[in-house]
Each structure stands twice: as structure tokens, then as C-alpha cells.
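Letters go in sequence order (proteins before strands), and every chain restarts at 1.
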Protein chains: 2
Amino acid sequence: MKRDSRLSSVLHALLHMAEQDGPVTSEALGRCLGTNPVVVRRTMGLLREAGLVTAERGHAGGWRISADLAAVSLRRLHEALGEPAIFAIGNRNETPECLVEQSVNAALEGAFAEAEALLLERFAEVTLADLAEDFARRHAQRRAAKE
Amino acid sequence: MKRDSRLSSVLHALLHMAEQDGPVTSEALGRCLGTNPVVVRRTMGLLREAGLVTAERGHAGGWRISADLAAVSLRRLHEALGEPAIFAIGNRNETPECLVEQSVNAALEGAFAEAEALLLERFAEVTLADLAEDFARRHAQRRAAKE
DNA sequence: CGAATCGTAACATATATAGTTACATGAAAC
DNA sequence: GTTTCATGTAACTATATATGTTACGATTCG
């Protein structure tokens, strides 16, 4: 199974957009991400539906962030993407008759539920503003290292 | 991406085997799991390589647990299966040049690492003996409910 | 009008699990 | 020793999902 990298993608895109004044085109974002403009539109479209970005068509159009960076957490983005499945591992049968399988499912589900809760909690704690700040720090470090 | 349900499968199979005295054939396990005997052999073969089960060929052959139920944790089974990827979500690019992407990756990786650690910890705490006990409890409850 | 840009449908590709078919190998029963 | 039952394994197919690509319509600005 291929991993879903859309959360990673939109974060990358949003931070690049945050660095720009005007709107950024799908083509420019596609170049940053190493992918196709259509893939960018498809994924950013979900953020548009969630009210996190706006798209302007026509000449000098493109994508623009329409929310406060500090108000957009990774969790909010995960939700905007439709809350895709987090785990690549799961139960064989979600509603088994077999009592043995019920025991197995109960044990696995408990562990997965705890891990998922922790992950979503961490996601809720990190905002685009935090990432932008982290990026600025890395940027300053690189400049310092060059001198 | 399809979810990997092999951990769930082998747990189901092992508990059925624990209920039986003699060896259990791939075909019988396949019937329990609702799958093909070859799939059973393929997956159980990994447990055999890890020394958790033995297979006997020929007449009256089949699979047998060769370890103490209390000594086999879900984590041990996860390892025996080759430690398959836990998350269906991941970074777009694991070793990016782009500083923006490095910030994104660092944030996501931290959260994933914590969630994975918690999951594996929970897996380490649950053994086949625990699941067998849970099953016995469910079994007793069902019998009680019927009377 | 024409160029730039998003919106979207339709199709192609890649990858991993799961399922299936086929046959070789080994062990017990008779 | 031959038959039968079972695992071991290779090769192929089916399925699901994310991602990539092509094509074209819709919209906006100059």
C-alpha cells in the first residue's frame, strides 16, 4: 500500500505560500513539491472546501491562505483532507461473529485507539505558525553556517 | 492502499490453535479465517522462521504453537511478520533539500514516532495468554447468557 | 479576443496485500 | 512401496489506493 503523503504535501505548499505576498499558482506549487499542477489542485481543493485557502482564477490568479497561521493546526488540515486512515495495519474483519476474533479485535483496537489519540493530540498542538517559525530558525542557521 | 491484516490473522489463527490439542492444518485455519490455505502457509511461515510455531508435513500434520503463550506478545508477532509499516500516512520525501520540507518532516516525524512508540509499548504488554483468557471470559459470558 | 489559471472528469501507473493455481517435497497409513 | 495428506513455494491474478497524466471546460484579466 502506498502511503498517503497529502498532509505532508499541503504543509509544504502552505508554508511556501506563507512566504509569498501574492497568490501562488498550482504550477509553481507543483514545481516546489515535484508533482503535477492537477495533483496540487485536487489536494488544495479540499483545503478550499474547508475554508483554509482561496483560489483565484484567471490571469495573475492562484492560491492564497485565508486563515491565521496560528489558527491552523496539523489536525485541522488532517480533517480538511477527509481524515484519511492513519494506520496501515488493521483488523481482518471489523464485525466478527467468532469470539476468538472478537478478543483479537478488542485488543488491537484498544492499542490503535490510544496511539491514534496521541497522534491527533500532537497534531492539534502544532500550527502552521509553529512550522513557519521552525523554518525561519533553520533558515537563519544555514545563513550563519555559510559565513 | 489495502490495510495489512496479517497481525490480526495470525492472532486469530494462534488462538484457535491454542484451543486444539494436536496440530491444525492450513486448510482448517483457512476456513476459520475465511481465506485460502496458501495464504495461511505464507503468513504462518513467517512465524515458523521466528521459532513461534512448527509445521509438520504429511498425514496428520499441520501447525503447532512451539512457545509459551505468556511469552508471545503482540509485539513479538509484529516483529515476526517483518515489522510492516504501521502508518498509512507519511512524508512525501524522506530526505529533502528544501528547508521548508525539512521543517514539515521534523514536525510530522516527531508525532509519528511518539504514536508508534506508544503502540509498540501496548503491543509488548499484551500476550497470547492474555487474549486466550479474554476469549475464555467471553465464552463463559455467552454460555451464561444462553441459560 | 486571447492568454493564464482554476475545476474536474477520465484514464494510466505504481505498489502492496490478498487470493489462486500448480506442482514439488516430505511423512504417515495401508 | 504406493497412496494420501500435508506443507513449501513459485508464479500469476485480483483488488484497493495514492499518485500521475491528459484533456477540456470555465473564468478572469489585459
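Taking side-chain N and O atoms only, A:Arg41 has a distance below 4.0 Å to OP1 or OP2 of C:dC6. Contact between the side-chain N/O atoms of A:Thr35 and the OP1/OP2 oxygens of D:dG20 is found at a separation under 4.0 Å. Side-chain N/O atoms of A:Thr25 include none lying less than 4.0 angstrom from OP1 or OP2 on C:dA4.
Enclosure of atom CD in A:Glu94 by more than 12 non-hydrogen atoms of other residues, nucleotides or ligands within 6.0 angstrom is indicated.
Summarising the geometry, the separation between CD on B:Glu27 and C1' on C:dG19 is reported as 15 Å, rounded to the nearest angstrom. Atom pair A:Leu33:CG and D:dT21:P shows a separation of 13 Å (rounding to whole Å applied). Atom-to-atom, CG of B:Leu29 to C1' of C:dG19 comes out at 17 Å; the value is rounded to the nearest Å. Taking atom CG on A:Asn93 and atom P on C:dA18, their separation rounds to 13 Å, with Å as the unit. Rounded to an integer number of Å, the gap from A:Met17 CE to C:dC6 C1' is 13 Å. Remark: P of D:dA18 and CG of A:Leu7 are 14 Å apart, rounded to the nearest angstrom. Look at CZ on A:Arg3: it is 14 Å from P on D:dA18, rounded to the nearest Å. A straight line from CD of B:Glu49 to C1' of D:dG8 spans 11 Å, rounded to a whole angstrom.
In this structure, the nucleotide among C:dG7, D:dA18, D:dG20 sitting nearest to the side chain of A:Asp4 is D:dA18. Comparing C:dT17, C:dG19, D:dG8 against the side chain of B:Arg6 picks out C:dT17 as the nearest. Listed nucleotides: D:dT9, D:dT19, D:dT22. Nearest to the side chain of A:Val38: D:dT22. With C:dC6, D:dT28, D:dG8 as the choices, the nucleotide that has an atom nearest any side-chain atom of A:His59 turns out to be D:dT28. Side-chain proximity of B:Asn36 to the nucleotides C:dT21, D:dA6, D:dG20 is greatest for C:dT21.
Nearest-nucleotide positions on DNA chain D place B:Arg92 closer to the 5' end than the other of B:Arg92 and A:Ala60. Where B:Pro84 and B:Gly58 each meet DNA chain C at their nearest nucleotide, the meeting point lying more 5' is that of B:Pro84.
Under a hydrophobic-cluster definition in which Ile, Leu, Val, Met, Phe, Trp and Tyr are linked whenever side-chain heavy atoms come within less than 4.5 Å, directly or via other members, A:Met17 and A:Leu46 are assigned to the same cluster.
With hydrogens and angles left out, the side chain of A:Arg57 and the base of C:dT5 share no donor-acceptor pair within 3.5 Å. For a distance-only test at 3.5 Å, the side chain of A:Arg42 qualifies as a donor-acceptor partner of the base of D:dT21.
Within 4.0 Å (heavy atoms only), A:Gly62 reaches sugar-phosphate atoms of the nucleic acid but no base atom. Contact annotation for B:Glu56: backbone-only contact, meaning every heavy-atom pair under 4.0 Å involves sugar-phosphate atoms and none involves a base.
Counting only N and O atoms by type, the side chains of B:Ser103 and A:Arg138 include a donor and acceptor under 3.5 Å apart. A side-chain donor-acceptor contact under 3.5 Å links B:Trp63 and B:Ser26. A side-chain donor from one of B:Ser9 and A:Arg92 sits under 3.5 Å from a side-chain acceptor of the other.
No donor-acceptor pair closer than 3.5 Å links the side chain of A:Ser73 to the backbone N or O of A:Val126.
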